Amino acid sequence: MRREFKVEVNQGAPQVAYKEAFSQKVEHREVYKKQTGGRGKFADIQVEIGPADAEWLKENDGKSFQFINDIFGGSIPKEFIPAIQKGFEQSHEQWRSR
């Protein structure tokens, strides 16, 4: 801004006055369908995102992310669950670092 517009600016690290947090649970559903000639691909994903349980926070001091695997019926192979959890944890870390 100084160079292009010749305007005085205050430079420094960004400062955040507050951080947002979930105050209630939110449910989201995403349906993925793709037909590519063979069997195709299909996924029906339902996610509930909200604040962590107060009891869990007391037991896990310093942590702010709780992942609950509530999958039933064996529709997702057990080997995939750690990757799903890792994806949520990474997006949580990106959100916290804003």
Side-chain angles (χ1 to χ4, degrees):
M1 288 180 69
R2 270 184 201 175
R3 186 182 63 228
E4 290 184 28
F5 301 108
K6 296 179 176 65
V7 176
E8 280 301 313
V9 295
N10 294 330
Q11 289 180 315
Q15 297 178 358
V16 179
Y18 64 93
K19 288 229 176 201
E20 295 181 47
F22 289 106
S23 60
Q24 59 187 0
K25 292 182 180 180
V26 176
E27 292 184 13
H28 179 74
R29 181 178 182 185
E30 196 68 39
V31 178
Y32 175 79
K33 294 179 187 177
K34 186 166 187 177
Q35 188 67 38
T36 57
R39 284 181 59 190
K41 298 177 181 178
F42 174 81
D44 185 0
I45 302 164
Q46 296 179 23
V47 178
E48 184 178 283
I49 301 171
D53 297 331
E55 290 180 26
W56 184 87
L57 289 172
K58 287 179 187 175
E59 295 172 6
N60 296 280
D61 190 34
K63 292 188 177 182
S64 61
F65 179 82
Q66 179 184 16
F67 180 84
I68 299 172
N69 177 4
D70 198 14
I71 296 173
F72 56 92
S75 55
I76 297 179
K78 292 179 184 178
E79 305 86 51
F80 292 172
I81 304 302
I84 294 168
Q85 181 173 354
K86 184 177 179 181
F88 275 102
E89 287 173 352
Q90 287 178 343
S91 65
H92 174 71
E93 287 303 318
Q94 288 176 352
W95 175 80
R96 287 188 72 201
S97 64
R98 284 197 233 166

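Quick note: numbers below take in every heavy atom, side chains included, and nothing from hydrogens, waters or symmetry partners. Quick caveat: nothing in here was measured; it's all calculated off a predicted structure.
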Exercise for the section: Treating Ile, Leu, Val, Met, Phe, Trp and Tyr as nodes and any side-chain heavy-atom pair under 4.5 angstrom as an edge, say whether F42 and F80 lie in one connected cluster. Expected result: no

Exercise for the section: For the pair V9 and R2, evaluate side chain to side chain contact (heavy atoms under 4.5 Å, CB included) and give the outcome as yes or no after the intermediate values. Expected result: CA-CA 7 Å; V9 295; R2 270 184 201 175; 3.9 Å; yes

Handout entry: For I68, the rest of its hydrophobic cluster, which grows through side-chain links under 4.5 angstrom
Key = none

Problem - Residue pairs, two or more places apart or on separate chains, that pass salt bridge (charged side-chain N to carboxylate O under 4.0 Å, His left out) and touch residues 4-14 - result: none

Exercise for the section: If a pair satisfies salt bridge (charged side-chain N to carboxylate O under 4.0 Å, His left out) and one of its residues is in residues 22-43, list it, with sequence neighbours excluded. Expected result: K25-E48, R29-D44

Handout entry: Remaining members of the apolar cluster that contains L57, side-chain heavy atoms under 4.5 Å
Key = W56

Practice task
Kindly indicate whether the side chain of N60, heavy atoms from C-beta on, has any atom under 4.5 Å from the side chain of F65.
Solution key: no

Fill in the blank from the handout: Taken in chain and number order and not counting sequence neighbours, the residues that satisfy ring-ring contact (aromatic ring centres under 6.0 Å, His included) with F88 are none

Exercise for the section: Keeping to residues at least two apart or across chains, list the side chain to side chain donor-acceptor pair (under 3.5 Å) pairs with something in residues 78-89. Expected result: Q85-E89

Problem - Heavy atoms from other residues, nucleotides or ligands near CD of E55 exceed 12 (cutoff 6.0 Å) - result: no

